[in-house]
Amino acid sequence: MTDENWNPKIIAIICNWCSYAGADLAGGARIQYPPDVRAIRVMCTGRVDPLFIMKAFQDGADGMLISGCHFGDCHYLEGNYKCAKRMFLVKNLLKNIGLDDKRLRMTFVSASEGGKWGAVMTDVVNTVKELGPSPIKKYQR
Amino acid sequence: MAETKEESRIGVFICHCGTNIAGSLSVEDVKEYAKTLDGVVVADDYQYMCSTPGQSKIIDAIKEHNLNGVVVAACSPRLHEPTFRTATEEGGLNKFRFEMANIRDQNSWVHMHDWEGATNKAKDQVLIAVAKARMLEDLQPKSVPVEHAALVLGAGVGGMQAALDLAGAGIKTYLVEKLPTVGGRMSQLDKTFPTLDCSQCILTPKMVDVGRHPNIELRTYTEVEKVEGYIGNFTITLRKKARGVLTPAEALERGIVGGGCNGCGDCSEVCPVIKPNPFEMGMAPRKAIYIYHPQVMPLLYTVDFDSCVKCGLCVEACGPEKRAIDLDSVDTFEEIKVGTCILAIGYDLIPIEEKKEWGYKQFDNVITGLEFERLICASGPTTGHLIRPSDGQTPMKVGFVLCAGSRDNTGGVAKPYCSRFCCMYCLKHAHQIMEKIPGAVPYLFYMDIRAFGKMYEEFYYRIQNEGAKFIRGRVANILEDPITKNLMVYAEDTLLSRPVAMEMDMVVLAAAIQPKPEAEKIRQMFGVSKSQDGWLLEAHPKLNPCGTTTAGIYLAGVCQGPKDVPDTVAQAEGAASAASIPIHTGEVQLEPYFAQCIDSLCAGCGMCVNLCPYGALALVEKDGRTVMEVTEAKCKGCGTCGGFCPGGAIKMQHFTSPQICAQIDAFLLKGEDY
Ligand SMILES: Cc1cc2nc3c(=O)[nH]c(=O)nc-3n(C[C@H](O)[C@H](O)[C@H](O)COP(=O)(O)OP(=O)(O)OC[C@H]3O[C@@H](n4cnc5c(N)ncnc54)[C@H](O)[C@@H]3O)c2cc1C
Ligand code: SF4
Ligand code: SF4
């Protein structure tokens, strides 16, 4: 179903303290992964408003990743818990509007897990590629 | 939705970082693309944007093009955001009018073989950054005063050194130790490599100093219960564990003049309860009322309430004058205020008995390096006579298993890292055996001897010349002769490529080290991350080895990773210096990423109030309506409230919803729709 030239559009919203630092570490270690994900930095995944996710899918995103600190490691104590809770809600919502909830993913990557960041990137891109372009695109002019 | 009414005038600057960036993507294409973006009035590139000429480009362009926003596409904001913010400010703009696109760490370095993919990604990253830059607002960093006091947690050699340095710099320092005495592991050691000076002799002066220094508030037998606040203003709750014994000062408080513990030990003498002394690695007894060893600091007995039977004999022995013992004492709490904190909580040995192949705790004559230290120490349980635990005989052939559980990828309790000081202490132990027991021979089973420090390699040669035997190979297993209790050590001699089996009288395991079990709790309380190997994570492995990602929290000693005493002391002095800077400056600037309530949108539902982990939000009456109010001093800017508010009434400065939506739209709609 996917044509060879199609590159998925994936947005990641990642926290400053863990996942962003982990992504930087992956760079330092020259871990190679596919270039399809575009990251937006926030201080904490607690900042992620479900509306951001809905907005992105509405705009035609093929996938989204939210990545924060491991539970118990949040720089702000519990922002990642609060975010994770919201993710259940949003995933439900996605399913209800006919989007595969695998298009939205939450991961926990610490500042010392450069290797894991690389693996997450590869996996997210592969998953979205398997799912193909977002059906929402059809409804856009 | 756009908040900035002014016309955007953005400058974009793309860094080559030598070939770090320019070698993996087309800087030229990115620059040309940037020029086409809405609101961008100038785009430029340079070899090294962080250099002085690079920064001048920014400063000049702000003035020349009357910019109101700056984007630098280069490395990570975690590295150079402060640099470029300063340049932005020097150009005459508010420093928060700056946004960074991370096209190195998160692009050129991770897509090194995909020129087109990397170039496209860099264009998008610039597009996203420009979208945010167009909506940035002037912000004022918030300056807060710094408490003129510091906390040092853990009073091993690292913590003591840090406390002495801070105190010496005129800072009131709380030195908190969970054990009844300061000293840490180093006080358990007999001698120290490579100089072989007596460990206690060089340590006790420091122990005495921390007890005496007018600026040090020593809190032994005390743990941290709660940590609140932020750099400059930490409020820390200490739990002073019930000790059962009063200091002279505490006695005086209770009106007992001339009373309190004087360290005579009469109590311990009469106590009927006998327990193993952990200081002696369980090889000597202690009573339920005890001191670890004669040089404890403070010299104050402690009741172990877990084993005390409350017979009251000690109270009697202590007598009516001193009245130092209170068997009804309970934990007490103390709140302290400090500006910065240093964690120096040290390490433990791994439970080496779980490496069953070496027989620790199965065979009497297999011991750990720490037990060896106590057995060879003149003040230890055997007054310095090295004996076999099985029969008290003097061992003549002593095997050493180096890297016991270190540099070992087999999982379980084993650690992939090098524990860094065991090679050297095994050499030290080998020397001590040959010195104390004429004719005795140490056999070191090693992988590599890592003698990396000053005069360490020379020490290695010395021990070789003294007659220690070295067998290069890991010990596969150890078996015990049930009658003689001698040990058969099976290993591979990798230099001769043949298996060896040697009979030893005793075997010392240089067990790997690991973080303290409570390190996990401590680091979560203080908001410090851990490395993949479990040690506390420094802010930067090379450029900020004493700091952490939480402002105001620093690390010293082995809790950050294996290191010997010289390195521990050096890091402690570094941490003390770093921790004193904010205190001496007197104020710190906090990034103003605070939440703000947009009163007109707030419905006063109060859902956010409970979400905030810092209690920064409250409902108040304003103009006849109930609205939320933020206490800026408490808000840390996580945005948890802002991510939740169903009415969009909470504005997260510098990470506003319109800004984030603009970033999303920019990439997905390519500027068409917003
Ligand atoms: C067998 C052996 C031999 C060695 N020989 C040498 C040698 O010859 N030369 C050399 O340079 N190095 C030697 N070392 C290494 C040396 O022990 C360490 O480098 C040194 O002790 C590190 O000091 P530290 O202050 O970081 O940690 P530690 O000495 O472990 O001190 C940490 C302190 O923090 C306290 N603490 C822990 N948790 C808490 C908490 N939650 N709250 C409050 N306090 C807490 C602990 O009780 C302890 O007092 C040897 C190590 C071993 C095992
Ligand atoms: S210091 Fe030596 S014995 Fe210890 S883990 Fe490193 S290499 Fe092995
Ligand atoms: S951003 Fe909101 S939730 Fe986070 S600390 Fe500030 S007020 Fe509390």
Side-chain angles (χ1 to χ4, degrees), chain A residues 7 9 11 13 15-18 20-21 23-53 55-56 58-61 69-70 72-79 82-83 86 110-118 121, chain B residues 75-79 100 102 104-114 116-118 120-121 124-125 127-128 132 520 523-524 527-533 537 549-550 591 593 611 613-614 636-645 648 652 654-655 657 660-661 663-665 667-669 673:
Chain A
N7 286 320
K9 289 189 160 207
I11 287 201
I13 304 185
C15 82
N16 180 61
W17 303 101
C18 294
Y20 199 92
D24 280 354
L25 192 69
R30 307 296 193 278
I31 288 162
Q32 303 296 301
Y33 55 80
D36 305 280
V37 182
R38 307 288 180 261
I40 292 174
R41 180 171 70 121
V42 290
M43 294 315 276
C44 174
T45 49
R47 175 70 189 97
V48 179
D49 191 322
L51 278 176
F52 300 159
I53 300 170
K55 182 94 181 83
Q58 189 196 340
D59 286 356
C69 307
H70 288 276
D73 279 8
C74 175
H75 193 75
Y76 307 97
L77 310 176
E78 45 198 44
K82 307 255 163 78
C83 178
R86 285 173 209 157
S110 79
S112 62
E113 294 176 326
K116 181 170 174 192
W117 179 256
M121 287 289 99
Chain B
C75 50
S76 172
R78 294 172 51 86
L79 188 66
M100 211 157 166
N102 186 340
R104 190 189 74 176
D105 305 47
Q106 296 187 19
N107 189 339
S108 65
W109 277 353
V110 289
H111 315 304
M112 296 174 81
H113 315 294
D114 184 355
E116 202 193 323
N120 284 336
K121 177 168 171 178
D124 285 340
Q125 287 176 299
L127 171 73
I128 291 169
K132 175 145 182 190
E520 192 63 18
R523 76 176 185 81
Q524 291 184 356
V528 175
S529 304
K530 65 175 171 190
S531 319
Q532 228 156 359
D533 51 17
L537 185 66
T549 50
T550 297
E591 295 193 295
Y593 303 159
L611 275 179
Y614 305 105
K636 293 205 187 186
C638 62
T640 302
C641 55
F644 175 82
C645 179
M652 290 309 308
H654 210 63
F655 293 91
S657 296
I660 294 173
C661 287
Q663 289 175 288
I664 295 172
D665 288 351
F667 167 52
L668 292 168
L669 306 177
D673 232 4

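Values below: every heavy atom of this structure, side chains too, minus hydrogens, waters and symmetry copies. Lettering of chains follows the sequences in order, A, B, ..., and the numbering in each one begins at 1.
For the residue pair A:Glu113 / A:His70, a side-chain donor-acceptor distance below 3.5 Å is found, with atom types taken as modelled. Checked by atom type, the side-chain pair A:Asp24/B:Ser76 shows a donor-acceptor distance below 3.5 Å.
Both the backbone and the side chain of A:Lys9 come within contact range of chain B, each with at least one heavy atom under 4.5 Å from a heavy atom of that chain. Both the backbone and the side chain of B:His113 come within contact range of chain A, with heavy atoms under 4.5 Å apart. In this structure, the portions of A:Leu77 lying under 4.5 Å from any heavy atom of chain B include both its backbone and its side chain. With a 4.5 Å cut-off on non-hydrogen atoms, A:Ala21 touches chain B through its backbone and its side chain both. For a residue to count as touching a neighbouring chain, one of its non-hydrogen atoms must lie under 4.5 Å from one of that chain's; by this rule B:Arg104 does not touch chain A.
Between A:Arg86 and A:Asp49, none of the side-chain N atoms (NZ, or NE/NH1/NH2) sits under 4.0 Å from a carboxylate O, so this pair counts as no salt bridge.
Classification of the A:Tyr76-B:Tyr614 ring pair by plane angle, with boundaries at 30° and 60°, yields perpendicular.
Qualifying ring pair (Phe, Tyr, Trp, His ring centres under 6.0 Å) partners for B:Phe644, counting only residues two or more places apart in sequence or in other chains: none. Partners of B:Thr549 under the side chain to side chain donor-acceptor pair (under 3.5 Å) rule, at least two apart in sequence or in another chain, do not exist in this structure. Scanning for disulfide bond (SG atoms under 2.5 Å apart) contacts around B:Cys645 gives an empty result, with sequence neighbours left out.
For the set A:Ala23, A:Ala26, A:Gly79, the entry with the most heavy-atom pairs within less than 4.5 Å of chain B is A:Ala23. Across B:Met112, B:Lys530, B:Gln106, the residue that shares the most heavy-atom pairs under 4.5 angstrom with chain A is B:Gln106. Chain B forms the most heavy-atom pairs under 4.5 Å with one residue out of A:Gly27, A:Ala56, A:Pro50, and that residue is A:Gly27. Ranked by heavy-atom pairs shorter than 4.5 Å toward chain A, the options B:Val528, B:Ile664, B:Ile128 are led by B:Ile664. Between chain A and the options B:Glu591, B:Arg78, B:Gln532, B:Gln524, heavy-atom pairs under 4.5 Å are most frequent for B:Arg78. Interface summary for chain B: among A:Phe52, A:Trp117, A:Trp17, the most heavy-atom pairs under 4.5 angstrom belong to A:Phe52.
Both tests pass for B:Lys132 against the ring of B:Phe655: distance under 6.0 Å to the centre and angle within 45° of the axis.
Residues A:Cys74 and A:Cys44 have side chains in contact (heavy-atom distance under 4.5 Å, counting atoms from C-beta outward). Contact check for A:Cys15 versus A:Tyr20: no side-chain heavy atoms found under the 4.5 Å cut-off.
Within residues 33-43 of chain A, the residues having any heavy atom less than 4.5 Å from a heavy atom of chain B are, in residue-number order, A:Tyr33, A:Pro34, A:Pro35, A:Val37, A:Arg38, A:Ala39, A:Ile40, A:Arg41, A:Val42, A:Met43.
No more than 12 heavy atoms of other residues, nucleotides or ligands lie within 6.0 Å of CD in B:Glu116, so this atom counts as exposed by the packing criterion.
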